[in-house]
There are 2 protein chains.
Amino acid sequence: MRFSEKKTATILRQHGYKFTPQRRVVTQTIASTQDHLTPAAIYEKVHQEHPNIGLVTVYRTLDILAKLGLICELHAGGSCHSYTTSASEHHHHLICSNCGKVVDFSGYDLSELKQRLSLETGFEIEDHLLEFIGLCQACQKEVIR
Amino acid sequence: MRFSEKKTATILRQHGYKFTPQRRVVTQTIASTQDHLTPAAIYEKVHQEHPNIGLVTVYRTLDILAKLGLICELHAGGSCHSYTTSASEHHHHLICSNCGKVVDFSGYDLSELKQRLSLETGFEIEDHLLEFIGLCQACQKEVIR
DNA sequence: TTGTAATTGAAAAATATTATCATTTAATAA
DNA sequence: TTATTAAATGATAATATTTTTCAATTACAA
C-alpha cells in the first residue's frame, strides 16, 4: 500500500477530524521523502511552500496522524520524535544511521515471542517496537571508517 | 547479573570517567526502582536525599551511563527519554503501560532476521531496538477497561 | 447556503535540554 | 600521605522544544 491522499482524508474523517489543506500538506511532505523528519524539519519544508502554515499546526497534525497510524514515530539511532510515512498495515523499520533513509519491512512474526513473554511474565502484551539501525548501501561507501 | 556498585565504578574508570558520589547516587537511584524514570523524576528522587546534586549533573550522568551501557533508554509507550538499569549483557525490555514496571528478557535471537534484512536491503546493520509494552499482572486487576 | 464545531495562526507560557565558567574534587604519582 | 592536575560539579544563563490560549477562520453536514 502506497501513500494515498484519499486514504488519509477518509481515515481522518472517519475519526471525526477534518481534512484540511494544512493536514494534506504535512502528510504529503512526510510521504514524499525517504528519510524520517523531526517536527522542526517538517515545519521547515512545509513552510517553504506554504509560509502561512505555523509550527503549532505541524505539531498538532503530527499528533493526530501518529494516533491514527498514518505516520510512524521512530526511535532507534537517537532520533526520537522523528516521523516517517506509514505505508503498509503492520510493518517495522530499518533506518540508516547516516542519511536517515527508512526502509520498511514486514513479514516478521513476533507472536511466538509475545506468547512466551505473556506466559513467563503474566503481562498482557499490547504492542511492541522493533527497529533496526545501520548503514544503507549508499552510505557504506561514503562514510569514513 | 545484578546491579553492582563496583562494576559501575570499574566501567566508569575504564573509560576515563571518575566515580563521583553524584554518579553513584544517580546510578543507585535508577537501579533501586522497578520502573523507568525520566531525567526530571531521577532528579527529584536524587534531590530529596542529596539536595546539593543539581539537575545538570543528572543530565550529564545519564548521558555517560547510557553511552557506557550501564543504563538503558526506553521508548515504547510514549515514554521517550526514560531510563532503566541495565542488568544483563544483552537484553530487551517489557514495559507496563500503567505503572511503568520494566521486566528484562533475553534469549531471543534476532540474528536470522538481521541477516535476512542485510541480504534484502544491502544495509550493514549496526543495532536494533526491541521493546514490548503491555499490562503487568498487578495492573490488569486495577485498570478499568 | 447556512450553522456549527473543529481548526488555525500568532503570541505567550511552560518544559526540557545544553552551554558557560568559576570552584571543587577524584585519582594518580611522588 | 600529600601534591598535582584534569575532570566534574553547581549555579546561572541561554537555547530548544512543546503546549496553552484565544480570537478569527474554515470544512463539512444538514
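In what follows, chains are A, B, ... by sequence order, proteins preceding strands, each numbered from 1. Heavy-atom basis, side chains included; hydrogens, waters and symmetry copies ignored.
- Note on A:Thr20: every side-chain N or O is 4.0 Å or more away from OP1 and OP2 of D:dT26.
- For the pair B:Pro21 and B:Pro39, nearest-nucleotide mapping onto DNA chain C gives the more 5' position to B:Pro39.
- Using a 4.5 Å heavy-atom cutoff, the side chains of B:Lys101 and B:Gln137 are not in contact.
- Distance alone, capped at 3.5 Å, is enough to place a donor-acceptor pair between the B:Arg23 side chain and the B:Lys18 backbone.
- One interatomic measurement links the two molecules: OH of B:Tyr43 to P of D:dT9, which rounds to 14 Å at whole-angstrom precision.
- Residue-level contact check: A:Pro51 touches neither bases nor backbone, having no heavy atom under 4.0 Å from any strand.
- In this structure, the side chain of A:Ser118 engages the main chain of A:Phe123 through a donor-acceptor pair within 3.5 Å.
- If you take CG of A:Leu55 and P of C:dG9, they are 11 Å apart, rounded to a whole angstrom.
- Atom CD1 in B:Ile42 sits about 13 Å away from atom P in C:dA16, given to the nearest Å.
- For D:dG10, one of the phosphate oxygens OP1 or OP2 lies less than 4.0 angstrom from a side-chain nitrogen or oxygen of B:Thr57.
- Taking side-chain N and O atoms only, A:Gln22 has a distance below 4.0 Å to OP1 or OP2 of C:dG9.
- Heavy-atom nearest nucleotides on DNA chain D were determined for B:Val56 and for B:Gly16, and the one closer to the 5' end corresponds to B:Gly16.
- A distance-only check finds no donor-acceptor pair linking the side chain of B:Thr33 to the backbone of B:Ile30 [under 3.5 Å].
- Within 4.0 Å (heavy atoms only), A:Arg60 reaches at least one base atom of the nucleic acid.
- Comparing D:dT18, C:dA5, C:dA27 against the side chain of B:Arg13 picks out C:dA27 as the nearest.
- Looking at which nucleotide of DNA chain C each of A:Ile53 and B:His81 is closest to, the 5′-most match is held by A:Ile53.
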